[in-house]
Number of protein chains: 2
Amino acid sequence: MLQYHASPPAAPIPLDLIYQALADPGRRGMVERLTRGPATVTQLAEPLPMSLSAVVQHLKVLEDAGIVRSQKTGRVRTCQVIPAALHAAEQWIADRRTFWERQYDQLEAYLNASSSEAIGNQEMNGAKDQE
Amino acid sequence: MLQYHASPPAAPIPLDLIYQALADPGRRGMVERLTRGPATVTQLAEPLPMSLSAVVQHLKVLEDAGIVRSQKTGRVRTCQVIPAALHAAEQWIADRRTFWERQYDQLEAYLNASSSEAIGNQEMNGAKDQE
DNA sequence: ATGATACTGAAGCATATACTTCAGTATTGT
DNA sequence: ACAATACTGAAGTATATGCTTCAGTATCAT
């Protein structure tokens, strides 16, 4: 069975670079295009309102972030997505989500338990305090 | 029933700002702290190796991205996470993932179907390393 | 061989980021 | 009242980002 985790993680690329790479709409457009299949630099550039040079620079950001891989054959550079990096970015958020879901569950429980009391206190502090 | 989607989405904050906000390790640290419960600005600043002013500036980035909300009571500003923005960021990646998973499924199917043939098609490969 | 194609790479430039320090302003504790 | 606390906001500065243009260098097609 072919797994998309199959490629060697090589280096655990820092989330800094991954999120930074995704922060640009042009780069997200490139990723979006690449999730539909491999593409050349020129194809990636085609819908974008900027020079080829600029696109190549964006591509470098994506490659440095480990989101995209490319190789040249003849004069054409073909690019494709590497799922692992995006997966790491998704996972970081998912991990936090388990926390805040629990937090909201606790808040919900608290509100249910004290529904007869004054709820409109001015602070969210009222719900929980720690440290 | 209290839902964490309950808060009004107000504006659909652009992914640019959300990913940009997450690109900084200090800000991710702040989010991480806030997923464990509300905190004051000073509490957020405590583990970070920078001035309070810097932390307040990071907080502004998180608020502009819709990731964090805060309000002041007396002289204390208390902050908490707003799940919606992070959920949007997670969702964007999840949406792409369905594409590349399908893509890999197709590749897998292709490989299975043509396992007796030459695998080295020219599409992505050549396995040319050149840099 | 010649020209078109597909990049590559260096410079330059305007704006954005990530801080710093310093000088305030309300609140709160004693 | 007075000092400590918890920020707030303006400047200033160094580096990073997101482009541009221009001048190449390899292919590839004819």
Side-chain angles (χ1 to χ4, degrees), chain A residues 13-31 33-34 38-65 67-80 122-125 129 131, chain B residues 14-31 33-34 38-65 67-80 122-126 128-131:
Chain A
I13 285 152
L15 288 174
D16 291 35
L17 295 183
I18 299 174
Y19 285 127
Q20 179 65 47
L22 295 178
D24 184 272
R27 285 193 295 259
R28 282 200 307 281
M30 292 167 71
V31 170
R33 168 63 186 80
L34 290 175
T40 69
V41 176
T42 302
Q43 287 172 335
L44 287 178
E46 197 243 356
L48 298 175
M50 63 183 77
S51 69
L52 223 207
S53 260
V55 172
V56 172
Q57 286 168 56
H58 281 305
L59 180 61
K60 184 177 185 335
V61 172
L62 289 170
E63 294 207 53
D64 288 349
I67 295 172
V68 168
R69 178 171 36 135
S70 77
Q71 69 265 280
K72 209 170 178 178
T73 304
R75 60 181 169 176
V76 179
R77 177 169 297 277
T78 308
C79 314
Q80 68 181 328
Q122 75 286 43
E123 274 311 313
M124 55 190 120
N125 285 339
D129 208 302
E131 258 192 355
Chain B
L15 288 173
D16 291 36
L17 295 182
I18 300 173
Y19 285 126
Q20 180 65 47
L22 295 179
D24 183 273
R27 285 191 297 259
R28 283 200 308 281
M30 291 166 73
V31 171
R33 168 62 186 78
L34 290 174
T40 69
V41 176
T42 303
Q43 287 173 335
L44 287 178
E46 198 243 354
L48 298 175
M50 62 182 76
S51 70
L52 222 209
S53 261
V55 171
V56 172
Q57 287 168 56
H58 281 305
L59 180 60
K60 184 175 186 335
V61 173
L62 289 170
E63 294 208 53
D64 288 348
I67 295 173
V68 168
R69 177 168 40 132
S70 75
Q71 68 264 273
K72 209 171 176 177
T73 303
R75 62 183 168 176
V76 179
R77 178 169 296 278
T78 308
C79 315
Q80 69 181 328
Q122 93 255 72
E123 185 71 58
M124 202 48 223
N125 69 72
K128 269 319 199 22
D129 22 4
Q130 156 178 16
E131 214 271 2

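Below, chains carry the letters A, B, ... as their sequence lines are ordered, and counting in each starts from 1.
At the phosphate of dA26(C), neither OP1 nor OP2 sits under 4.0 Å from any side-chain N or O atom of Lys72(B). Contact annotation: His58(A) side-chain N/O to dC19(D) OP1/OP2 distance is under 4.0 Å. Phosphate proximity of dA6(D) to Thr40(B): absent, as no side-chain N or O sits under 4.0 Å from OP1 or OP2. Distances shown here put every side-chain N or O of Arg75(A) at or beyond 4.0 Å from the OP1 or OP2 atom of dT8(C). OP1 or OP2 of dT8(D) has at least one side-chain nitrogen or oxygen of Arg77(B) nearer than 4.0 Å. Contact check, Thr42(B) against dT5(D): no side-chain N or O comes under 4.0 Å of OP1 or OP2.
Across every non-hydrogen atom of Ser70(A) and Glu63(A), the tightest pair is OG-OE2, 2.9 Å. Pairing each heavy atom of Cys79(B) with each of Leu34(B), the nearest pair is O-CD2, 3.4 Å. Nearest heavy-atom pair across Val55(B) and Val41(B) is CG1-O, 4.3 Å.
The Ser51(A) side chain lies nearest to dT21(D) when the options are dT21(D), dA18(C), dT20(C). With dC19(D), dA18(C), dC19(C) as the choices, the nucleotide that has an atom nearest any side-chain atom of Asp24(A) turns out to be dC19(D). Candidate nucleotides dT17(D), dT20(D), dT8(D) were compared by shortest atom distance to the side chain of Val56(B), and dT8(D) ranks first. Comparing dT20(C), dC19(D), dT8(D) against the side chain of Met50(B) picks out dT20(C) as the nearest.
Atom CD of Glu63(B) is separated from atom P of dC7(D) by 12 Å (rounded to the nearest Å). In this structure, the CG atom of Leu48(B) is 9 Å from the P atom of dC19(C), given to the nearest Å. To the nearest angstrom, C1' of dA10(C) lies 16 Å from CG of Leu52(A). The separation between Leu59(A) atom CG and dG18(D) atom C1' is 15 Å, rounded to whole Å. One atom, OH of Tyr19(A), and another, P of dA16(D), lie 23 Å apart when rounded to the nearest Å. For the pair Gln71(A) CD and dT8(C) P, the interatomic distance rounds to 12 Å; values are reported in whole Å. Here the P atom of nucleotide dG18(D) and the CG atom of Leu62(A) are 11 Å apart, to the nearest Å. As rounded to whole Å, 14 Å separates atom C1' of dA18(C) from atom NZ of Lys60(B).
Checked by distance alone, Gln20(B) brings no side-chain donor or acceptor within 3.5 Å of a matching partner on the base of dT17(D).
The closest donor-acceptor contact from the side chain of Arg28(B) to the backbone of Leu22(B) lies under 3.5 Å. The backbone N or O of Ala21(B) sits less than 3.5 Å from a side-chain atom of Arg27(B), completing a donor-acceptor pair.
Looking only at side-chain heavy atoms (C-beta outward), His58(B) and Leu48(B) stay at 4.5 Å or farther from each other.
Two residues, Gln57(A) and Val76(A), neighbour DNA chain D, and the one matched to the more 5' nucleotide by heavy-atom proximity is Gln57(A).
Contact annotation for Ser53(B): base contact, defined as any heavy-atom pair under 4.0 Å involving a base atom.
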